[in-house]
Amino acid sequence: MNHRIEITLDPGDTFSWPVITEEEEASVLEVLRRGAMSARDVTLQFEKEYAAWQGNKFALGFNNGTSAMQTAMWAAGVRCGHEVLSQSVTYWATILPCLSLGAAPVFAEINPDTLTLDPGDIEHRITNRTRAIIVQHNCGYPTDMDPIIAIAKKYDLKIIEDVAHSQGSLYKGKKVGTFGDVSGISLMSTKSLVAGEGGLLTTDNKEIYEHAIAWGHYERFKDNIESKKLQSYRGLPLGGYKYRMHQLSSAVGRIQLKYYDERSREIRKAMNYFWDLMEEVPGVKAHRPPKNSNSTMGGWYNSMGLYRPEELGGLSVTAYVGALREQGVEVNPGINRPLHLHPLLHNCDIYGHGVPTVIAHQDKKKVKIPSLPKSEAIHGRCLKVPNFKKYNPAVIEQYAAVFQNVSGNYKTLLKTDPGNPPGFGKW
Ligand SMILES: *Cc1c(COP(=O)(O)O)cnc(C)c1O
C-alpha cells in the first residue's frame, strides 16, 4: 500500500464563495436607506447590464430562478396538454414548473461524459403535443446546441435554456443563454453569479418578453406593452403571480456582475490546473469541454468529476469518496437523482384532477415511466470535486496529490468496499 497522504495546508480563501466586499454593502445600504427595497430603478439597471453582458436584447428580474423558469415556459407558449422535453438529471426547477401550466415533462437521457442533454435521445420522444425543449448546461458545461437547434427547427419547437449553473459559459465561442428562444437564470447565493435570492429571464424576442412581464410583473404590465393579444389585460398579472426582484438582490447582483468575468476567469484557471494535474490519475476524469473547442465552463458551478470504476478494479464511488474524506478531501459521491424515478412524477395528484398530475391533461390514461439507463447509472459514475475559487497552486496540488494517492491505493480499498447504496443522491 502507498503511504497515505492527507490535506495539511490551510486553504485560506481557496473555497470562499460568494466574494462579498464593501461595495455590495454600500450598494445594499443605499437601497435600504432610500427606502427603495420594492422599487424598480436598481433592478432596471441590473437588467440592462446583464442583457448587454450576456448578449440578449431583454432581461427581466425575478425573485428567483424557479419563477423565471416557469415564466420562460409560459412565455414560450407552453400550455395545458403540451409536453416539454428535458433531461432527467438536473435540478428540479429546470422542468417541474411545467406542471403548474398543465404540461407534462418528457425526460430524455444525458450524455454521461458531459452530463448535459443528449441530442441523440430527443427526436424519438417528440409527439404532436411537444412544445419546447429545455436544456440545462449542467455544472456549467455547455450543452451541444447545434444538433438541438436543428431538431427544434425541424419540429417547430421552442428552446428554453436553464442558465442557473452556467452564466458566462461559452458554447463554440458564444455565451449560453443566447441560443434558445428564452432563458431562465438563477442568482441564488451559492450559484456562480450571485444576487442572493433572485433570477432573470432573457430573450431577444419582444413578444416573449412582453408575455413574461404580463405573467408575473403587474406593475410593468402597462401602456408600453405592444402585443395586441395582451393589451386588454394590462394591470393584472395573467399568471396571478408576483415575481418582482427584491432590490437588495439587484443591488448585490450589479456589483457581482461587475467582477464576474475576472473572478470566473480565475476559477477556470484554478479548476483547469486541478484537472491538468489529474490527467494521469486513474478513475477520475475531468468534466470539462475539450481544449481548443472554444467552449468553457463559465463559473464552473458545482464542479464534478467523471468516476470510472473500471479503471480501479470496479471500486465503488462510495468507497473512493470515503477514502478521500478520511484523507481530508470533503466531497460527496454521485449527482442529483434522475427526476423520472421520483414518485412526484408517477402518482402524485397535486391539483385534485383525480389522476396523477403528469397525465392530468394528456390523452394517455396511464403514467409511462421512461427507462433511461444512462441517467439511472450516473450516480455511480460521478463525484463532486473541490470547488476551487482561487488559483492557489500549492493547495490545488495537494488536493490532486490526495486523489492520486487514493487511486493508487485502490487494491487495498477494494478489500473493504461496501459498494454503492441503492439510489443514493439528492431527493
Ligand atoms: C438553482 C437552480 C434553479 C432555480 O433557481 P432558484 O433561484 O434556486 O429558484 C433552476 N435550475 C437549476 C439547474 C438550478 O440549479
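All figures in this text were calculated on a predicted structure; none of them were measured in a lab. Counting starts at 1 for both ligands and their atoms, following the listed order.
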Should the ring pair [X] and [Y] be called parallel, tilted or perpendicular, given that the plane angle runs from 0 to 90° and is split at 30 and 60?
X: Phe62; Y: His217; result: perpendicular
X: Trp215; Y: Tyr241; result: tilted
X: Tyr260; Y: Trp53; result: perpendicular

Around atom [atom1] of [X], are there more than 12 heavy atoms from other residues, nucleotides or ligands closer than 6.0 Å?
X: Glu22; atom1: CD; value: no
X: Phe15; atom1: CZ; value: yes
X: Lys269; atom1: NZ; value: no

Suppose I only count heavy atoms of [X] and a 4.0 Å limit; which atoms of ligand 1 are within that range?
X: Gly65; value: 4 (C), 5 (O), 6 (P), 7 (O), 9 (O)
X: Ala93; value: 3 (C), 4 (C), 10 (C)
X: Thr94; value: 11 (N), 13 (C)
X: Asn64; value: 7 (O), 9 (O)
X: Ala164; value: 2 (C), 3 (C), 10 (C), 11 (N), 12 (C), 13 (C), 14 (C), 15 (O)

Exercise. Under 4.0 Å, heavy atoms only, figure out whether ligand 1 is touched by the backbone of Met69, its side chain, both or neither.
Key: neither

Separation of [Y] [atom2] from [X] [atom1] (nearest 0.5 Å):
X: Ile133; Y: Thr143; atom1: CD1; atom2: OG1; result: 11.0 Å
X: Leu9; Y: Ile396; atom1: CG; atom2: CD1; result: 11.5 Å
X: Ile267; Y: Asn272; atom1: CD1; atom2: CG; result: 11.5 Å

Among all protein heavy atoms, pick the one closest to [atom] and tell me residue, atom and distance.
atom: atom 15 (O) of ligand 1; result: His165 NE2, 2.8 Å
atom: atom 8 (O) of ligand 1; result: Ser186 OG, 3.9 Å
atom: atom 2 (C) of ligand 1; result: Lys191 NZ, 2.6 Å
atom: atom 3 (C) of ligand 1; result: Tyr91 CD2, 3.5 Å
atom: atom 9 (O) of ligand 1; result: Thr66 OG1, 2.6 Å

Polar contacts were defined as any N/O atom of the residue lying under 3.5 Å from an N/O atom of the ligand; does this apply to [X] and ligand 1?
X: Glu197; answer: no
X: Leu187; answer: no
X: Thr90; answer: no
X: Asp162; answer: yes

Self-check item: Qualifying residue, where the test is ring pair (Phe, Tyr, Trp, His ring centres under 6.0 Å) with Phe274 and the options are Tyr399, Trp300, Tyr391, Phe388
Solution: Phe388

Quiz item: Is the shortest distance from a heavy atom of Gln136 to ligand 1 less than 4.0 Å?
Solution: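 Under 4.0 Å: yes for Gln136.
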
